[in-house]
Amino acid sequence: MRVLVSGAAGFLGSYLTDALLAEGNFVVGVDNLCTGSIHNVKHLEHEPRFELLEHDICRQFDPGAVDYVFNFASPASPVDYARLGVETLRVGSEGTRNMLEIARKYGAKFLHASTSECYGDPSVHPQTEDYWGNVNPVGPRSVYDEAKRFSEALTMAYHRYYNVDTHLVRIFNTYGPRLQHDDGRVISNFMIQALRGEDITVYGEGAQTRSFCYVSDEIDGILGLSRTGEHYPVNVGNPHEWTILECAKAVIRVTGSKSKICFEPLPQDDPLQRQPDISKAKRLFGWEPKIDLETGLKLSLEYFRSFVETHA
Ligand code: UDP
């Protein structure tokens, strides 16, 4: 296949690109590098089946005929989308539309990277795909949440009205090597703080929960979904739920750090709980994650350690 991946220099996009290349496909990556990094695809510099277009998908472009379109471009951490609010809304609307138009033009399949943020601060727990969510449409997270919800609606519309073969994956918190070191996310913040021996900044009392999926599990799930005929959203995440305080303690254990935990104010609209119900993914393509949090943190240790050593 010739595959188009937007956000190919991002965290998930770069792993997806690696997996697609490993299967023997040709990959055209597109990224404007606003949050992605060229370092994430540096190892593909001499790969003849890979090319990277430095381009903003909000502007129309034509990559030539493709068989599959994976739409992964978007700022994704609360710090990044707060900084790039309008850009986030644009990439989730104009950008997604341009990518859908490419799929429509070439009769390609389409998979959109959606998010657990579609559930907002959920009142149903764990979250099943048929829950419509509890999203503040005007709060600080709305630039991301509503962009992603609009992308889902647009993707469904291209399926319903133009018969594009579309898929929607709802991705829960994912981590691993290549996470941005400065995007304010919990795993990168905690790992870097622990390795530097700095205080670990738990927001609120750390009682809020998240469910963390190691990146290789996430990519397996996404590829599994991409081969089904399912058009409605499917959760792909690790169902093991952790409080943020427990997560801080796990990071301290794995790094062997002497860091202390300190408490800082909880950001506005920070969801209290997040846990995917993955029965649909299990039923449709027999997927479930294999790597638990402590194992995944160990697998990420070298990456964060070398970052800390080179940025002492
Ligand atoms: N968090 C924290 N300390 C940090 C960074 C994040 O306690 O240094 C908390 C944050 O308030 C949230 C959770 O960790 O409850 C996950 O935050 P992240 O930014 O990774 O992603 P989110 O799931 O909120 O999009």
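As the structure lists them, so they are numbered: ligands from 1, and atoms in each ligand from 1. Starting from 1, each residue takes its place in the sequence as its number.
- Every atom of ligand 1 with a heavy atom of Val202 under 4.0 Å away is listed here by number and element: 7 (O).
- Of the N or O atoms in Tyr81, none lie within a sub-3.5 Å distance of an N or O in ligand 1.
- In this structure, the protein non-hydrogen atom closest to atom 2 (C) of ligand 1 is Tyr203 CD1, 3.3 Å.
- Both the backbone and the side chain of Val186 come within contact range of ligand 1, each with a heavy atom under 4.0 Å.
- The CZ atom of Phe70 sits 10.5 Å away from atom CG of Leu4, with the distance rounded to the nearest 0.5 Å.
- When heavy-atom distances to ligand 1 are checked against a 4.0 Å cut-off, Glu264 has no atom that comes that close, whether in backbone or side chain.
- Ligand 1 does not have Ser77 within reach: every non-hydrogen atom of the residue lies 4.0 Å or more from it.
- Checking Asn40 against Ser37 by side-chain atom types alone, no donor-acceptor pair falls below 3.5 Å.
- Contact annotation for Arg141 and ligand 1: only side-chain heavy atoms (C-beta onward) come within less than 4.0 Å of the ligand.
- Considering backbone and side-chain atoms alike, Arg210 places an N or O below 3.5 Å from some N or O of ligand 1.
- Heavy-atom proximity to Gly184, at under 4.0 Å, picks out these atoms of ligand 1: 5 (C), 19 (O).
- Under 4.0 angstrom from ligand 1, the non-hydrogen atoms of Gln208 all belong to its side chain.
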Would you please test Glu129 and Arg283 for salt bridge (Lys or Arg N to Asp or Glu O under 4.0 Å) and show each step?
CA-CA 13 Å; Glu129 290 87 349; Arg283 179 166 46 78; over 6 Å; no
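- Proximity of the aromatic rings of Phe11 and Tyr15 is defined here by a centroid distance below 6.0 angstrom, and this criterion is met.
- Neither the backbone nor the side chain of Val79 comes within 4.0 Å of ligand 1, counting heavy atoms alone.
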So Glu51 and Arg2, salt bridge (Lys or Arg N to Asp or Glu O under 4.0 Å) or not? Walk me through it.
CA-CA 11 Å; Glu51 63 180 298; Arg2 188 163 186 269; 3.6 Å; yes
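- Asp220 places a side-chain heavy atom less than 4.5 Å from the side chain of Lys290.
- Residues Tyr106 and Asp62 are in side-chain contact: their nearest non-hydrogen atoms beyond the backbone lie under 4.5 Å apart.
- Ring geometry, Phe285 versus Trp287: the interplanar angle falls from 30° to 60°, so the pair is classed tilted.
- Within ligand 1, counting atoms from 1 as listed, the ones closer than 4.0 Å to a heavy atom of Asn189 are 4 (C), 5 (C), 8 (O).
- The single protein non-hydrogen atom nearest to atom 13 (C) of ligand 1 is Ile244 CD1, 3.6 Å, given as residue, atom name and distance.
- Set against the non-hydrogen atoms of Pro78, the atoms of ligand 1 under 4.0 Å away are 19 (O), 25 (O).
- For His125 and Gln127, the side-chain atoms include at least one donor-acceptor pair closer than 3.5 Å.
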Run the numbers on Asn173 and Ile187 for side chain to side chain contact (heavy atoms under 4.5 Å, CB included), then give the verdict.
CA-CA 10 Å; Asn173 296 64; Ile187 299 287; over 6 Å; no
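- Shortest contact from atom 11 (O) of ligand 1 to any protein heavy atom: Asp270 OD2, 2.6 Å.
- Heavy-atom proximity to Asn173, at under 4.0 Å, picks out these atoms of ligand 1: 21 (O), 22 (P), 23 (O).
- Using a 4.5 Å cut-off on side-chain heavy atoms (C-beta onward), Asp277 and Pro239 make no contact.
- Counting heavy atoms closer than 4.0 Å to ligand 1, residue Thr201 contributes atoms from both its backbone and its side chain.
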